[in-house]
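Just so you know, ligand 1 is whichever comes first in the structure, and atom 1 is the first atom listed for that ligand. Nothing here was measured: the structure is a model prediction, and the numbers come from that model. Heavy-atom basis, side chains included; hydrogens, waters and symmetry copies ignored.
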Amino acid sequence: MKLSARISTIKPSPTLAITMKANALRAEGRDIIGFGAGEPDFDTPQNIKEAAVRAIEEGFTKYTPVGGTDELKDAIIRKFERDNALTYRRNEICVSCGAKHSLYNLAQVLFEEGDEVIIPAPYWVSYADIVALTGARPVIVPTAEADGFKLQPDRLQDALSERTKALILNSPCNPTGAAYSRTEIEILAGIVEKTDVLVISDDIYEKILYDDAIFYSIASVNPALKAKTIVVNGVSKAYAMTGWRIGYAAGPENIIAAMNKLQSQNTSNPTSIAQKASVEALNGDQTAVGQMVAAFDKRRRVMVEGLNAIPGLSCRNPQGAFYVFPNISGILGRTIQGKRMDGSSDLAAYLLDAANVAVVPGADFGDDRYMRLSYATSMKNIEEGLKRIRTALET
Ligand code: PMP
Ligand code: GLU
């Protein structure tokens with residue numbers, strides 16, 4: 001049977017594939033330490049779970065409006081006012097089945113063949129495929145480690161063409177942890193403002209920031225920027241709710257209406273119960289968020305220090321999210337235990353095989369000189385995983 005040409009233009013999500021592979025190896029009895037999964041290891045906070053249980057008991061188990069309940073949209077509107085000083089109306093919000101679904105819907109309603117979409121690299125694994133599925137061309141713009149992995153204004157300027165439809169910005173960034181300052185965002189905004197280019201601002205790691213980093217969304221710069229920005233966010237990362245599948249987009253009414261139309265023909269509404277839980281996540285007690293971020297911060301320090309102590313690796317201190325993206329150039333070209341390390345995939349395969357440690361090759365994020373490790377796992381796993389990596393690379 002012949003599948004559509006469309007489906008052959010993309011690959012499966014590498015981050016999810018590695019997580020599945022680690023799980024499968026564990027099921028076979030292998031003692032795998034997983035640094036692959038990009039999801040908090042914490043349980044969803046109790047108040048959120050209780051809201052979901054209440055929703056079930058009260059029979060809130062039917063279809064809801066396609067783009068989310070008014071109650072959840074109002075909680076999202078309040079969140080934008082509180083955290084970002086942004087004002088939206090209900091018809092400027094669409095709730096979907098995870099931020100990935102929001103991004104997918106957005107790409108489907110905005111992009112088509114002939115369009116170009118600028119994606120700074122290293123990038124989250126799914127952007128390029130989500131764009132490619134629409135027929136548009138992902139234009140990958142590299143960033144440098146020396147620039148903190150941040151998109152430089154001249155690079156953005158050079159990448160713009162008559163065909164550019166949008167720029168995808170992700171701060172804090174998966175996989176680098178780079179978080180743009182207000183000034184850096186304003187400089188990029190100044191360039192975009194002079195064009196017809198839209199901005200997709202993926203703010204999913206907004207709450208996961210360290211040291212003195214302050215979150216700033218490009219939609220906040222001025223009303224002109226707000227009018228050309230679609231903010232994507234969700235509850236997965238901040239509230240340890242990856243399995244609940246609630247994400248949302250906020251932006252111009254006509255784009256949101258188109259996303260609603262598309263969603264009405266694919267998933268219909270996101271799960272009613274998860275919507276109730278998300279209202280509690282956004283409106284309820286935020287103590288758990290701070291506790292999780294404090295735990296991530298401790299792990300971040302151990303991870304960065306541990307990786308930098310391994311010969312051949314060097315690792316920047318990430319400012320946000322829960323990933324480290326160490327430079328593996330010192331390993332590349334070497335042969336370890338008969339295996340030549342020509343690229344990040346070779347190293348990731350070797351670490352899984354020889355050290356029982358799962359990491360994601362940097363190549364999947366658009367840079368083969370790196371690998372990604374998630375530190376959203378216990379300190380015990382981090383310490384043991386670092387020890388294993390060190391031993392595997394020293395042999
Ligand atoms: N954007 C980024 C940068 C991510 O890392 C993720 C994590 N999968 C998502 C979007 C999507 O998150 P979710 O679909 O779980 O809301
Ligand atoms: N965002 C996470 C990651 O990058 C979850 C997996 C995914 O959706 O790709 O690992």
Subject >> Test ring pair (Phe, Tyr, Trp, His ring centres under 6.0 Å) applied to Tyr323 and Tyr205, step by step >> reply: CA-CA 11 Å; Tyr323 310 100; Tyr205 294 101; 5.7 Å; yes
Subject >> Chi angles and distances behind the side-chain contact (heavy atoms from CB on, under 4.5 Å) call for Leu167, Val192 >> reply: CA-CA 9 Å; Leu167 159 71; Val192 174; 4.1 Å; yes
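The shortest N or O to N or O distance between Asn170 and ligand 1 is not under 3.5 Å. Looking at ligand 1, you won't find any N or O of Thr242 less than 3.5 Å from one of its N or O atoms. Checked against a 3.5 angstrom limit, the closest N/O atoms of Ser236 and ligand 1 fall inside it. The shortest N/O to N/O separation between Gly38 and ligand 2 falls below 3.5 Å. Close N/O approach between Tyr127 and ligand 1 is not found [any backbone or side-chain N/O within under 3.5 Å].
Of the possible donor and acceptor atoms, none in the side chain of Asp364 sits under 3.5 Å from a partner among the backbone N and O of Val360. The main-chain N or O of Asp115 is never found under 3.5 Å from a side-chain atom of Arg163 such that the two would form a donor-acceptor pair.
Shown in contact with Asn174 at under 4.0 Å from a heavy atom are these atoms of ligand 1, numbered in order with element: 3 (C), 4 (C), 5 (O). Numbered from 1 in the order shown, with element, the atoms of ligand 1 that lie under 4.0 Å from a heavy atom of Gly98 read 14 (O), 16 (O).
Side chain to side chain, Glu112 and Thr134 fail the donor-acceptor criterion of an N or O pair below 3.5 Å.
At the top of the distance list for atom 7 (C) of ligand 2, counting protein heavy atoms only, stands Thr15 OG1, 3.4 Å. Regarding atom 6 (C) of ligand 1, its nearest protein heavy-atom neighbour is Trp124 CZ2, 3.6 Å. At the shortest separation from atom 11 (C) of ligand 1 among protein heavy atoms lies Lys100 N, 3.6 Å. Annotation: atom 14 (O) of ligand 1 to nearest protein heavy atom, Arg245 NH2, 2.7 Å. Taking atom 16 (O) of ligand 1 as the reference point, the nearest protein heavy-atom neighbour is Ala99 N, 2.7 Å.
Between Phe296 and Phe322, the angle of the ring planes lies from 30° to 60°, which puts this pair in the tilted group.
Under 4.0 Å from ligand 2, the heavy atoms of Leu16 that appear belong solely to its side chain. Contacts between Asn174 and ligand 2, counted as non-hydrogen atom pairs separated by less than 4.0 Å, involve the side chain only. When heavy-atom distances to ligand 2 are checked against a 4.0 Å cut-off, Phe322 has no atom that comes that close, whether in backbone or side chain.
For Arg369, the CZ atom sits in a loose shell: 12 or fewer heavy atoms of surrounding residues, nucleotides or ligands are nearer than 6.0 Å. Heavy atoms from other residues, nucleotides or ligands lying under 6.0 Å from NZ of Lys11 number more than 12.
Scanning Lys237, Arg372, Glu39, Lys100 for the heavy atom closest to atom 10 (O) of ligand 2 points to Arg372.
For the pair Arg299 and Asp41, the salt-bridge criterion is met [side-chain N within less than 4.0 Å of a carboxylate O]. Remark: Asp74 does not engage Arg78 in a salt bridge, criterion side-chain N to carboxylate O under 4.0 Å.
Under the 4.5 Å side-chain heavy-atom criterion for Ile, Leu, Val, Met, Phe, Trp and Tyr, Ile119 and Ile230 are members of the same hydrophobic cluster.
At least one heavy atom of Lys237 sits closer than 4.0 Å to an atom of ligand 1. Contact between Ser13 and ligand 2 is present, with at least one heavy atom of the residue lying under 4.0 Å from the ligand. Not a single heavy atom of Gly234 sits closer than 4.0 Å to an atom of ligand 1. Using a 4.0 Å cutoff on heavy atoms, Asp202 counts as a contact of ligand 1.
Cation-pi geometry between Lys73 and Tyr248 is not met at under 6.0 angstrom from the ring centre and within 45 degrees of the axis.
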